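Here the structure is a predicted model, which is why all the values come from computation and not from measurement.
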Amino acid sequence: MADFALAGLRWAASPIVNELLTKASAYLSLDMVREIQRLEATVLPQFELVIQAAQKSPHRGILEAWLRRLKEAYYDAEDLLDEHEYNVLEGKAKSGKSLLLGEHGSSSTATTVMKPFHAAMSRARNLLPQNRRLISKMNELKAILTEAQQLRDLLGLPHGNTVECPAAAPTSVPTTTSLPTSKVFGRDRDRDHIVDFLLDKTTTAQATSAKYSGLAIVGLGGMGKSTLAQYVYNDKRIEECFDIRMWVCISRKLDVHRHTREIMESAKKGECPRVDNLDTLQCKLRDILQESQKFLLVLDDVWFEKSHNETEWELFLAPLVSKQSGSKVLVTSRSKTLPAAICCEQEHVIHLENMDDTEFLALFKHHAFSGAEIKDQLLRTKLEDTAEEIAKRLGQCPLAAKVLGSRLCRKKDIAEWKAALKLGDLSDPFTSLLWSYEKLDPRLQRCFLYCSLFPKGHRYEPNELVHLWVAEGFVGSCNLSRRTLEEAGMDYFNDMVSGFFFQLVSKRHYSYYIMHDILHDLAESLSREDCFRLEDDNVTEIPCTVRYISVRVESMQKHKEIIYKLHHLRTVICIDSLMDNASIIFDQMLWNLKKLRVLSLSFYNSNKLPKSVGELKHLRYLDLTRTSVFELPRSLCALWHLQLLQLNGMVERLPNKVCNLSKLRYLRGYKDQIPNIGKLTSLQQIYVFSVQKKQGYELRQLKDLNELGGSLHDKNLENVIGKDEALASKLYLKSRLKELTLEWRSENGMDAMNILHLDVLEGLRPPPQLSKLTIKGYKSDTYPGWLLERSYFKNLERFELNNCSLLEGLPPDTELLQHCSRLLLLDVPKLKTLPCLPPSLTKLSICGLPLLTFVTKNQLEQHDSRENIMMADHLASKLSLMWEVDSGSSVRSVLSKDYSSLKQLMTLMIDDDISKQLQIIETGLEEGDKVWMKENIIKAWLFCHEQRIRFTYGRAMELQVVLPLGLCKLSLSSCNIIDEALAICLGGLTSLATLELEYNMALTTLPSEEVFQHLTKLDMLILSGCWCLKSLGGLRVASSLSILHCWDCPSLELACGAELMPLNLASNLTSRGCILAADSFINGLPHLKHLSIDVCRSSPSLSIGHLTSLESLHLNDLYFVEGLSSLHLKHLRLVDVANLTAKCISQFRVQESLTVSSSVLLNHMLMAEGFTVPLNLDLSYCKEPSVSFEEPANLSSVKCLGFWYCKTESLPRNLKSLSSLESLSIGCCPNIASLPDLPSSLQRISISGCPVLKKNCQEPDGESWPKISHLPGSHLLIPNLLL
């Protein structure tokens, strides 16, 4: 096996060279192409033997030098070829047509006729000026390959011998993209030991004073320390014990500022705002942790020696405080020497012992024998015997077992396994890891080495990494067939995941990949000639061979001169934000580094991209996501090789000729549509295409965009003239599309639309491999032919009809939807019946289908319509009461939803009285909250509703819908469903997790306990706009329910309502537009954490003091509320809550955030004895013309202040007195015209939806501009977010 130097160079002597030759052949003479092909075919297949022989030979140095020369020649030839192709692309763009150079006819006749001319042109190509440098370099490459024959002779190798090349790069997409978490072997006892310690509340005196105690897992690299820590971290007992869990990878060197920031990001589960002052950053972290009961912090891969600085660690861990004792710090380290600040006593250092031999063998065999079963029992026996021998030699290193086992799994061949036994010292993890690396395809080797650009502990995102590999040219472009470069690159990534070069880390809401430190060390040692991480300000020199660099220093000012010397540099990736004057640094850099292919920038002190970016002829990848750039130079349109342009969502206009970038594959972060987008034939994705009746925006722009994949939303299809234009888009050729939405806007003239819409939809035949199809705004009563073909779609998983006003049913052939798991029928008012629904359905949404009725024969026979008539007075009084709460806003909101249903239903009952009442409702909705309208509109609705009930129960036959038993989510909205029919529908839906019942006016009670007892997975219930719903039925036995929303259900009896709800309801309860009793929450709901009460009527007062588990409370438009003083809340929101007494206010305990709607109320709070303002304070929906802080000294703890949706005309003049304020947000406050003096502590300001203030803060002449110009990112926030 080759050593590191040779292993890192060997990819250069691989078939990758042949790929370069294939690209260059169009510009070389036939003789040169054939000669290099012959050398490549005869020399490179033998090179494994050459490397093996040279390793033990005195001529090893000669081979290393030869490989370096070959690699340099390869890089140089690739750059020259790139420049030549750039010139060709530029010529094509300027001429508007293809060039003769490099093109060949496709027909055999033309080839025969033109053969003599092609030969003459081939000889002439060598004479073209633009080819001479390329030909010279290819001659050099040929000469270097020729020398390989001499090397072979020098080493005494016979001609014709070859060895097997590394495995080819994967060429097929895996069957799944969801990778299972790796099984953990032999560590259950260690896990339980650690969990017991972490759960132990007893602490030493040292731990008591520090508020935390430490535990360390110590062992050699690759022993499974991090795996064990993850095993513990994700243990359910740990999740329940610690309300904040944080994980940070230290790796080699402690960086107090950066690692403090990472702890904050882990604690908050999101990105931390950039703060340059360490003291401020640590205060923020302390504030977060002080609000926690107990925290767990994992510091992974700590390196500490006695010579290291203890003071740095004391500073780093200083913010770690919590309310209670029992917080813990868990450390993984290769050394038992740990910083004293971790508070880890010797008895709390766990030395990770070797696994039991049986467990270790099980681990190795788990990976070595995964995949297809070995049917040959003799072979299986031999491989198992060999596996035992290999496992004994692996030095009990779990990482080596995983990597080597997964590599041997690829080839269950006894000779291959025996070869692994002949490797050197397998007890050294590097031996097996290096062997596994050498077995990778050379393309994967380059991809793996590239990952050393990122720091240890980096969270790799697969799509981002693949885009970088593609841009660097690492992903082979030959033999792709119909697959894209990105799909091939994802195969590379998945292949390395399956080989444990990457490991999946799954969190509750997201996942990412990491690389083990030892593998990172391997990549770094193999790539040190090509890749460099600039993360130390003391660096004075970078090897001149470096072509890829990542930057993780705050300033490049010190390093710019050494970087400018790297003329061959291909990549600059900024990991963290730079504080330099970006315009100057990067302008100079781009002038010097003309070979850049990848440029990923991160800075916030300049809003323009330097013009010199247009000089980067090789550039393929430009990422401006983490910048303040909102203006792009016209020179950007000269980047003919550009494949990916990632913007930050703030660029309002692209340069005019960006449509000429024919190689562009991805454009992200730009909101508008590009005119003449049809020229970008390499585009892989367009999220939205809006058809317009002007040149450059026609539907035919899609004609040649056949590489489009993912999702496509074609909107404004009413601008399509007819079927011919629809056909011209050639949607059916977009074979990579997975999701398609076809949308028309509503128009008048329905008769004309009926025919035109059908013709257009007929012409928009989608590709048959779609998984999701949405048709929206379609105004025809007929389906196109392709929706009538039984087996047109191969695997349609989601089908949606939305606002299709003339369709009366689903496509008649149910085979069409046989694979559907989700069906959405939204606002299809003429649809009356549903056919047999596909059994594969897991989600069903039915909304706005007023003619679709669910009624049982039993209810048809027993119903007495007089009961509903007698209810009218009671319902009228409830609606009148709700009208008074918010001047009829909630009532009109629900009525606007129900009006269209009534209007559609009443078309079946032609009656002058009904028409008059509908007209009254329509007038009432248009004229707003006039007092005289309340009684008329409620009476009119009651009349129409009575006719609806008569019509529903007047049917001669029952109408039921049989629902698939596998449903997980069911939404029934604005349809006629009767109580017993709902109970029958829900019967047997044992997988149902979410149930939504909205605007169902015939519903009076929920099903019985018997029904709810079987809904064992029901987690969320939403009741909204059901005006006649009086009872929750047997809901109290729904033991799995954690979220309940009751909105606009005025008839619902909620006296002692908590007793009618499940005792275990723990997550969220919201009530809006309902009528509550004083005792609604007195009994029950002991576990409820979040309560929201919005525009509800409660008389005389509402008591919530019994809800002792509450963490978040939102009260809006309540007259009076009792019991606040007994609650200890994290978040409190009070909007239009009157009559709060000073006594009640003084006992408030709000830990994290407070929102109020009145500065008067806020000032009462500030003056109340004992009241403490939390760190985050918002003033929302304030109607006062001016706002003042009467006791600013009491606001000294506030760090984040916001003003949202306020009518106030000015901010508090004494805002400057808020001495701790760091962040100020002003949103949707159109009357605010200027900023007062701001505190010196302020670090960030965010302003949006304030047009007057926008002008006042404009750079450089705005009156308020001097007050914010010093803030980081003020260039970004003011001109572009003020919309």
Side-chain angles (χ1 to χ4, degrees), residues 800 821-826 834 837 839-849 852-856 894 897 960-1049 1051-1052 1054 1057 1060-1074 1085 1088 1090 1092:
E800 176 180 345
S821 61
R822 186 167 186 184
L823 177 62
L824 295 93
L825 304 173
L826 312 176
L834 287 179
L837 295 170
S840 55
L841 275 188
T842 59
K843 296 181 180 179
L844 175 63
S845 295
I846 298 174
C847 175
L849 279 64
L852 183 65
T853 301
F854 301 72
V855 60
T856 64
V894 175
K897 298 278 188 182
Q960 292 189 38
V961 177
V962 179
L963 301 181
L965 296 180
L967 277 182
C968 298
K969 180 177 181 180
L970 175 62
S971 300
L972 298 175
S973 175
S974 298
C975 55
N976 266 343
I977 185 163
I978 310 302
D979 300 346
E980 188 175 321
L982 176 62
I984 293 174
C985 281
L986 296 180
L989 300 185
T990 55
S991 298
L992 193 66
T994 300
L995 175 61
E996 298 176 357
L997 300 171
E998 301 179 319
Y999 313 111
N1000 297 307
M1001 296 302 183
L1003 199 62
T1004 64
T1005 182
L1006 294 185
S1008 64
E1009 291 187 0
E1010 183 181 359
V1011 174
F1012 278 111
Q1013 280 176 343
H1014 292 89
L1015 302 182
T1016 55
K1017 294 184 179 180
L1018 186 63
D1019 177 66
M1020 178 188 291
L1021 173 61
I1022 297 176
L1023 304 171
S1024 179
C1026 300
W1027 279 354
C1028 298
L1029 183 66
K1030 296 185 295 183
S1031 169
L1032 294 175
L1035 182 65
R1036 65 188 308 275
V1037 302
S1039 57
S1040 61
L1041 193 71
S1042 66
I1043 301 172
L1044 174 60
H1045 299 308
C1046 295
W1047 299 328
D1048 302 313
C1049 298
S1051 299
L1052 195 58
L1054 290 176
L1060 307 175
M1061 301 175 192
L1063 187 67
N1064 294 326
L1065 188 69
S1067 180
N1068 203 319
L1069 172 61
T1070 67
S1071 179
R1072 184 190 69 208
C1074 296
L1085 307 180
L1088 188 67
H1090 307 284
S1092 175

Exercise. Going through the checks in order, is the side chain to side chain contact (heavy atoms under 4.5 Å, CB included) test met by Leu972 and Leu982?
Worked result: CA-CA 10 Å; Leu972 298 175; Leu982 176 62; 4.2 Å; yes
For this session: Carefully, step by step, assess Leu992 and His1014 under the rule side chain to side chain contact (heavy atoms under 4.5 Å, CB included).
Result: CA-CA 10 Å; Leu992 193 66; His1014 292 89; over 6 Å; no
For this session: Check step by step if side chain to side chain contact (heavy atoms under 4.5 Å, CB included) holds for Met1061 and Leu1044.
Result: CA-CA 9 Å; Met1061 301 175 192; Leu1044 174 60; 3.8 Å; yes
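Between Leu963 and Leu844, the closest side-chain pair of non-hydrogen atoms falls below 4.5 Å. In this structure, Cys1026 and Tyr999 have side chains that are not in contact, with every pair of non-hydrogen atoms separated by 4.5 Å or more. In this structure, Leu965 and Thr990 have side chains that are not in contact, with every pair of non-hydrogen atoms separated by 4.5 Å or more.
The residues Glu996 and Lys969 are annotated as salt-bridged, a charged nitrogen and a carboxylate oxygen being separated by less than 4.0 angstrom.
Here the CG-NZ distance, from Leu1052 to Lys1030, works out to 11.0 Å after rounding to the nearest 0.5 Å. For the atom pair Ile846 CD1 and Leu834 CG, the distance stands at 5.0 Å (nearest 0.5 Å). Between the CG atom of Leu1029 and the CG atom of Leu1006 there is a distance of 5.0 Å, given to the nearest 0.5 Å. Between the CG atom of Leu995 and the CG atom of Leu1015 there is a distance of 8.0 Å, given to the nearest 0.5 Å. Between Arg822 atom CZ and Ser840 atom OG the span is 14.0 Å, to the nearest 0.5 Å.
The two residues Ser974 and Gly848 have their closest heavy-atom pair at CB-N, 3.5 Å. When all heavy atoms are compared, the tightest approach of Leu849 to Leu825 is CD1-O, 3.4 Å. When every heavy atom of Cys1074 is checked against every heavy atom of Cys1046, the shortest pair comes out as SG-O, 3.6 Å.
Not a single donor-acceptor pair under 3.5 Å links the side chain of Asp1048 to the backbone N or O of Trp1027. For Ser845 (side chain) and Ser971 (main-chain N/O), no donor-acceptor pair under 3.5 Å exists by modelled atom type.
Donor-acceptor pairing under 3.5 Å is lacking for the side chains of Thr1005 and Asp979.
Tested against Leu970, the residues Leu841, Thr994, Leu986, Thr842 include a single side-chain contact (heavy atoms from CB on, under 4.5 Å) partner, Leu986.
Sorted by first and then second residue, the side-chain hydrogen bond (donor to acceptor under 3.5 Å, both in side chains) pairs involving residues 1038-1047 (not counting sequence neighbours) are Asp1019-Ser1042, His1045-Thr1070, Trp1047-Thr1070.
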